[in-house]
Chemist: 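Here you go, one structure.
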Amino acid sequence: MNADRETNHDMTNGDIASMLAGAADEVEIGIAPYEAVIRGGRRRKARRWAVAAATALVLAGSSATLAVAGLPGGDRTVVPAATRSATPAPDLFTPARTTLATGTENGKEWRVAIDVWPAPRTEAQAAGQLEAMGEYGEAPAGGGTKASDLIGKSSYVVYFSDGDKRRKTFEDVFMKDDTMSGTDLQTASIPFAADPDGPQRLVIGMVGKNAQQVTCAWKNGTTTKADRAPANTEIATDQPTIRPAEGSPVDWFVCLAPKGTAAQSAEVTAVR
């Protein structure tokens, strides 16, 4: 680069392209604060501006505004096109908790909720998550007891609370390729009361994203239907509904049999 080019502020696009080649070897990646650029002298200032121009190309589609105020040939700001902001990393050490159903029976409130732990990517992350699970009293069932067994798997635990008592209904892990669709269905039927020999009145299940209705049949011949909530509509948790759970690749539903009867079957009766 000749002396005229170093001091000439009326640079052409060809000048900038020439400087970019030299800047790649001589300038550290990144844009220094403008004040620091000025202290660096004319040569550094010109080259840093060239790198800034190249970075503007890389940032095209970003919502950021690239400031080049006062730099030679600059028009004070370069505003790249807008795009979506980066998605924040999930919190691996705190479960995402979603309430699936609520109700009141015999004067006591009951609730079904699910905790979903994001999948760790490294053994160090998995070890930290395993320790966090212990603090929550949640074991990674289905994922093994070693930290390495949790890598790439999201764990979940479903709880049923009846008054001041809480117990697990089922727990497992989601593999990366776990999917459900159509009439796929997985359920667990448990007694509503703490008595393990009591009637299995509570049905908790998972379905695919395109399931629109689940019908739970009871031994007394009656049924309960859980329909999917319309898009962008919140339905109270005391209504049987197919609903998503944060962090879960499948959706969930809960049905409760009337008193005096028990679960007989459950099936997906409508799909999209």
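We're numbering straight along the sequence, starting at 1. As the structure is a prediction and not an experimental result, all values here were calculated from the model.
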Chemist: Does a side chain donor of either Ser148 or Glu123 reach within less than 3.5 Å of an acceptor in the other side chain?
Modeler: no
Chemist: Identify the two heavy atoms, one from Val271 and one from Gly182, that lie closest to each other, and give their separation to 0.1 Å.
Modeler: CG1-O, 3.3 Å
Chemist: Hey, quick one: are Ile190 and Met206 part of the same hydrophobic cluster, counting side-chain heavy atoms closer than 4.5 Å, chains of contacts allowed?
Modeler: yes
Chemist: Which pair of heavy atoms, one from Gly198 and one from Pro191, lies closest together, and at what distance?
Modeler: O-CG, 3.7 Å
Chemist: Does a donor on one side chain sit under 3.5 Å from an acceptor on the other, for Trp218 and Thr224?
Modeler: yes
Chemist: Check whether Tyr159 and Val203 end up in the same hydrophobic cluster, where Ile, Leu, Val, Met, Phe, Trp and Tyr are linked by side-chain heavy atoms less than 4.5 Å apart.
Modeler: no
Chemist: Quick check: closest heavy atoms across Ile235 and Pro230, and the distance to 0.1 Å?
Modeler: CD1-CD, 4.1 Å
Chemist: Is it the case that more than 12 heavy atoms not belonging to Lys165 sit under 6.0 Å from its NZ atom?
Modeler: no
Chemist: Do Ile114 and Leu185 belong to the same hydrophobic cluster, where Ile, Leu, Val, Met, Phe, Trp and Tyr are linked whenever their side-chain heavy atoms lie under 4.5 Å apart, directly or via other members?
Modeler: no
Chemist: Within the structure provided, determine whether Val214 and Thr269 are in side-chain contact (heavy-atom separation under 4.5 Å).
Modeler: no
Chemist: Quick test of your reading of the model: are Glu105 and Arg201 salt-bridged, counting only N-O distances below 4.0 Å?
Modeler: yes
Chemist: What is the minimum heavy-atom distance between Ala211 and Val268, and which atoms define it?
Modeler: CB-CG1, 4.0 Å
Chemist: Under the 3.5 angstrom rule, does the side chain of Asp238 hit a backbone N or O of Thr102 as a donor-acceptor pair?
Modeler: no
Chemist: Kindly indicate, with the supporting measurements, whether the criterion side-chain contact (heavy atoms from CB on, under 4.5 Å) is fulfilled by Ser155 and Leu150.
Modeler: CA-CA 8 Å; Ser155 305; Leu150 295 179; 3.9 Å; yes
Chemist: Using the rule given for side-chain contact (heavy atoms from CB on, under 4.5 Å), can you reason through Val112 versus Thr169, listing the C-alpha separation, both sets of side-chain angles and the distance that settles it, and then say yes or no?
Modeler: CA-CA 9 Å; Val112 176; Thr169 58; 5.8 Å; no
Chemist: Grab the two heavy atoms, one from Arg166 and one from Arg97, that are nearest each other, plus how far apart they are.
Modeler: NH1-NH2, 3.9 Å
Chemist: Are any of the side-chain nitrogens in Arg228 or Asp251 under 4.0 Å away from the carboxylate oxygens of its partner?
Modeler: yes
Chemist: Verify the neighbour count for atom CD of Gln212: are there more than 12 heavy atoms of other residues, nucleotides or ligands below 6.0 Å?
Modeler: yes
Chemist: May I ask you to test the Trp252-Val158 pair for a side-chain heavy-atom distance under 4.5 Å?
Modeler: yes
Chemist: Out of curiosity, does Tyr156 fall in the hydrophobic cluster containing Val250 (side-chain heavy atoms, cut-off under 4.5 Å, transitive links)?
Modeler: yes
Chemist: Just by distance, do the side chain of Gln129 and the backbone of Pro118 share a donor-acceptor pair under 3.5 Å?
Modeler: yes
Chemist: If you compare all heavy atoms of Pro199 against all heavy atoms of Ala262, which two are closest, and at what distance to 0.1 Å?
Modeler: CB-CB, 4.1 Å
Chemist: Tell me if a side-chain donor or acceptor on Lys108 pairs with a main-chain N or O of Thr104 at a distance below 3.5 Å.
Modeler: no
Chemist: Do the side chains of Leu100 and Trp110 join up, straight or via other hydrophobic residues, at under 4.5 Å, putting them in one cluster?
Modeler: yes
Chemist: Just by distance, no angles: are the side chains of Thr215 and Lys225 close enough, under 3.5 Å, to form a donor-acceptor pair?
Modeler: yes
Chemist: Can you check whether Thr222's main-chain N or O pairs, donor with acceptor, with Asn220's side chain at less than 3.5 Å?
Modeler: yes
